[in-house]
Engineer: 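Have a look at the structure that comes next, please.
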Amino acid sequence: MHQPDLTPQRSSYFSYQIHPFVSPPEMRGERNQHPVVVVGAGPNGLLVALDLARNGARPIVIEAEAQVCGGSRAVAFTRRTLEIFEQVGASDALLEGALLWEKGRSFYRGHMVHELQVPGSVDDRFAPMTNQPQNVMEKVLLDQAERMGIEVRWQTKVVELASDASGVRLRLDTPEGEYDLSCDWLVAGDGARSAIRRLQNLRFEGRSYTGRFAIIDFRVPLGAPTGRRCYFDPPWLPGYAVLLHKAPYGIWRLDYQVPDDVSDEEALEPARLRSHVQAHLDYIGADLPWEIEWVTLYKPNTLSLARYNHGRVLYCGDAAHLLPVFGVRGVNTGVQDGNNLSWKLASVIRGFASPAILDSYTDERLADAKQICFEAARSTRMMTPPSRGFRILRDAVLQLSVHHDFTRPLLHWRTSKPIDYADSALTTVDPSEAKFEAGPRPGAPARNVCINPDAPSRGWLFDAFGPGFQVLVFGDAQSVTPALADDLKALRADNIPVRLILIRRSEDTRVPASVDAVMDDPLGRVHAAWGATQGAVYVLRPDQHVAARWCAGAPTRVAQVVNKALCRAASQAKAQRQPAEAVV
Amino acid sequence: MTALPLSDLEDIYDELAEAIDRVGPAQETVFLAKLTLALAHHLGDRALISKLIRDCEMPVEEAESPDTLSL
């Protein structure tokens, strides 16, 4: 019988709760066919469960452990992650007690050799970077799952899996014995050592690196601003790079490469860890008391499954790929996987998308994984030079950068950026594309805009968004053309969630019946940021990426864009209607 | 003199590192000296080359008080 550790993990800032095993109806002989089961109550599993629920599916979550993750683990979240948390109603809670930052600096022998401010603007609701330990983040997601009535089955381990074209059957082991669970779809969000991946005999492709990094979280009353601090070649670790980050709750994080001649066991020896913390504090001139909170070792990899959808089983986050974490690419990548997958799977479950849409999940997220590997390889060659030649070049760049500007951009640490799904099969490019001078391009994530930065309640474009597709029409009542209203009617008749948002420059008492929300843009800030002229239309997918955009009078139709984004076969989607002749 | 675009500098970084690995530690110094002489020949600016030699010769000392915490 499965017996997870019921001793609460220790933490000076987080109080661990043991979640009990609750005997499910299936153990009392009930036979249920669940539409979707998510394995793993970590950041990926929980985010997918919340996002599936937001998109109208009813997931249950299976988790082998009895508590959230041990230690702070992932600690820095990107703006895009916060925007995705906002979609599932968890951003405010994640921001409680969080540290916000935007600057990173690199030092070499006490000289600043690189400074980077991650671009932010008045239009961003969230900071470029938000620091919050992963255990706190998981608790935030759990609380939200509870509010949304999502069932989490703790202390439940998947031991057998059988899947075919009709669904997935799981054998689950619990502290009270085993039971079987059937579902139509299974999402594996169960992390780097995924049980589901092992049970399906799937192997990663790519390469592991030999380099290892130690992470030491320690409590110290160091009153320095939040941000990324990188120290190249410190006297206590010659030839290597050391990162220092401020985390919330009085914790700082030291992150450094373990020299090749030091074993894993030696690297984690308490005396060695303590000597490194002290040496670095001495180096930066901080004479303060401190104590170690949590330590771990990690190895950067560029490993990925060849596909993330395997019949009825879908992989996301570390279960799907182990990518280099440089530039906060760990959990932030997984969150984007989940956001990409959830609306597609929910649309299939609700019967208005073809299962072929799940291929686009793999295609779009593999494109991101490839981009991440390319960017990370460039970070890696600077942080952990792979050969003597690269070490010599790295040292040359560092030394030149003390006095010369031209080499400094080579020290850029390439933070995680949300990907454009520009080449996706789901994206439509209208002939009027060339007329846009600004705004998110087809495939790109939506760009938030502050409606009036000087108003007491500033208001944001994203406040008008809801679940499902968003059709943004810029202009006035006239801009909602009969053809557009017709398309919305047809899509809604097929139960496809489509929201029409009218973004208008001036108040107009006439609001067409098909409009779900009106957003006044008195200063024209949304129009400007989105490059929108009168009558411009944007269609956003439920994950807020642009499915299509066009200017007034263009041939593209909303129904055609939505059907394409849902991979609806011609037989599935009703024949496209002719444009209405008269204005109603 | 025109500056190289960053993407070219990135590529040259990789090319040079890989070339050093190919010639091996015993030959790398001579390789870099040959490359420098060839570049000097193409650059053709006697004074500039002398200045760059002196610049690059200077070791980078530890800063007296690395003020990294107030930043």
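Worth knowing before you read on, the calculation uses all heavy atoms, side chains too, and leaves out hydrogens, waters and symmetry mates. Proteins get letters first, then strands, A, B, ... in listed order; numbering begins at 1 in each.
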Engineer: Let me know if A:H404 has heavy atoms under 4.5 Å from chain B in its side chain, its backbone, both or neither.
Structural biologist: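 Contact with chain B: side chain only.
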
Engineer: Strictly less than 4.5 Å between heavy atoms, which residues of residues 387-402 of chain A line up against chain B? Please order them by number.
Structural biologist: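 Expected list: A:S387, A:R388, A:G389, A:F390, A:I392, A:L393, A:R394, A:V397, A:Q399, A:L400, A:V402.
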
Engineer: For B:Y13 and A:L410, which heavy atoms make the closest approach, and how far apart are they?
Structural biologist: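 Closest approach of B:Y13 to A:L410: CD1-CD1, 4.1 Å.
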
Engineer: For the CZ atom on A:R441, are there more than 12 heavy atoms of other groups (residues, nucleotides or ligands in this structure) within a distance under 6.0 Å?
Structural biologist: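 Not buried by this count: 12 neighbours or fewer within 6.0 Å.
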
Engineer: Just checking B:D11: does its CG atom have more than 12 heavy atoms from other residues, nucleotides or ligands closer to it than 6.0 angstrom?
Structural biologist: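 Yes, CG of B:D11 has more than 12 neighbouring heavy atoms, counting only those of other groups under 6.0 Å.
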
Engineer: Mind listing the closest non-hydrogen atom pair of A:G110 and B:A63 along with its distance?
Structural biologist: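 Where A:G110 meets B:A63 most closely, the heavy atoms are O-CB, 3.5 Å.
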
Engineer: Given side chains that start at C-beta, do those of A:R381 and B:D14 come closer than 4.5 Å, heavy atoms only?
Structural biologist: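 Heavy-atom side-chain distance check passes, below 4.5 Å.
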
Engineer: Might you point out which heavy atoms bring B:E62 and A:H111 nearest each other, and give the distance in Å?
Structural biologist: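 So the two residues come closest at C-NE2, 4.3 Å.
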
Engineer: Given a strict heavy-atom distance threshold of 4.5 Å, which part of B:E28 is in contact with chain A: side chain, backbone, both, or neither?
Structural biologist: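 The answer is the side chain of B:E28.
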
Engineer: Taking 4.5 Å as the heavy-atom cut-off, does anything in residues 233-246 of chain A contact chain B, and if so which residues?
Structural biologist: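 Within residues 233-246 of chain A, near chain B: A:P235.
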
